[in-house]
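Right, one structure below, let's go through it.
Here the structure is a predicted model, which means the values were calculated and not measured. Start at 1 with the first residue, then count along the sequence.
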Amino acid sequence: MDIITLKAYAKINLALDVIGRRPNGYHDVRMIMQTIQLYDKVTMKRTSTPGIMMKTNLHYLPTNENNLVYAAAKLFKDTLHIEDGVYINLEKKIPVAAGMAGGSSDAAATLFGLNELFDTNLSLEQLMELGVQIGADVPFCLLRGTALSEGIGEILTPLAPAPSCYCLIVKPPVSVSTKFVYENLVLDETTNHPDIDGMLEAIAFNDLKGVTSRLGNVLEPVTLAECPEIAQIKQEMLDLGAIGSLMSGSGPTVFGLFDNQKKAEKAFYQFKIGEYGKQTFLTRFFNNNTAHSHQDLEFDEEF
């Protein structure tokens, strides 16, 4: 095999709780992560010329060590002492700096793809061990599906697939640093912690209303103070029929969950013609029982 093209899927957080802060500055989290069928494409070609060459469709993204794709490729090649080179083309569709793990997912696809390209036969667990060196979300982006995430995000427990629904994604044209959000998070007796255990039970019973009634993100108030658009988007989604809405990760992306396709499509078109239309997507959850590998069937997330 000399060339491979993979899909790097985005994620949302159905629930995100922060338990505390470690002396090294990292935060202990407890989250329920969900892969969605919105993806970037990563194409990798083996070359006889040593080194890593990278290209992307977004002019403002770096194509060196500051890009997680490049960092993943370098870590993989250095760890496994691979002398051949690789050319990587990254086609971005997942919004950048959006709280959807786009960069981490691209890195995960890179590790997975290089393992295939160079016939190195690393297990998923070994790839995940490499991935956590790049970022805390990378192991989940390799695992994919629905999972409980603990520690700094690297301790993963796969769950039964979350209840099926339509997922509307809206990214306002602002960016917030994850570092800023965590540094400004205050945990005290007024913190509204999401009911993670209750959501785990709802997922186990395939109870969509049980899931949507427990959506929660302790980071949302911090980002909301910087991006008041988040509250406006959430309310509009609920007004248009979403049975739940939440900010994903450190934001500023907002998602709304719908149990009715017509309502979901109507809401999608309503946002698409508005001020946030450029980065509005309608998609569904991705689970590993609906696809057999990273090279699964196409899904058109824009209805």
Under 3.5 Å, is there a donor-acceptor pair between the side chain of Glu65 and the main chain of Ala71? no
Any ion pair linking Arg46 and Asp2 (charged N to carboxylate O, less than 4.0 Å)? no
Can you tell me how the ring of Tyr182 sits relative to the ring of His27, calling it parallel under 30°, perpendicular over 60° and tilted otherwise? tilted
Is Lys272 positioned over the aromatic face of Phe281, cation under 6.0 angstrom from the ring centre and no more than 45 degrees off axis? yes
Mark yes or no for whether Ser149, through its side chain, and Met31, through its backbone, hold a donor-acceptor pair below 3.5 Å. no
Say you draw a straight line from OG of Ser104 to CD1 of Ile94; how long is it, rounded to the nearest 0.5 Å? 10.0 Å
Is Lys45 reaching over with its side chain to a backbone N or O of Tyr87, donor-acceptor style, under 3.5 angstrom? no
Do Glu220 and Lys234 sit within salt-bridge range, that is, some charged N less than 4.0 Å from a carboxylate O? yes
For the hydrophobic clusters of this structure (ILVMFWY residues joined by side-chain heavy atoms under 4.5 Å, transitively), does one cluster hold both Ile230 and Val218? yes
Between Thr146 and Pro161, is there a donor-acceptor pair closer than 3.5 Å when you use the side chain of the first and the backbone of the second? no
Any donor-acceptor pair under 3.5 Å from Asn217 side chain to Met247 backbone: yes
Considering only NZ, NE, NH1 and NH2 on the basic side and carboxylate oxygens on the acidic side, decide whether Arg30 and Asp197 come within less than 4.0 Å. yes
Checking Ser105 side chain against Cys141 main chain: does a donor-acceptor pair fall under 3.5 Å? no
Check for a donor-acceptor pair, side chain of Gln279 on one end and backbone N or O of Lys93 on the other, with a separation under 3.5 Å. no
Between Thr79 (side chain) and Phe76 (backbone), is there a donor-acceptor pair under 3.5 Å? no
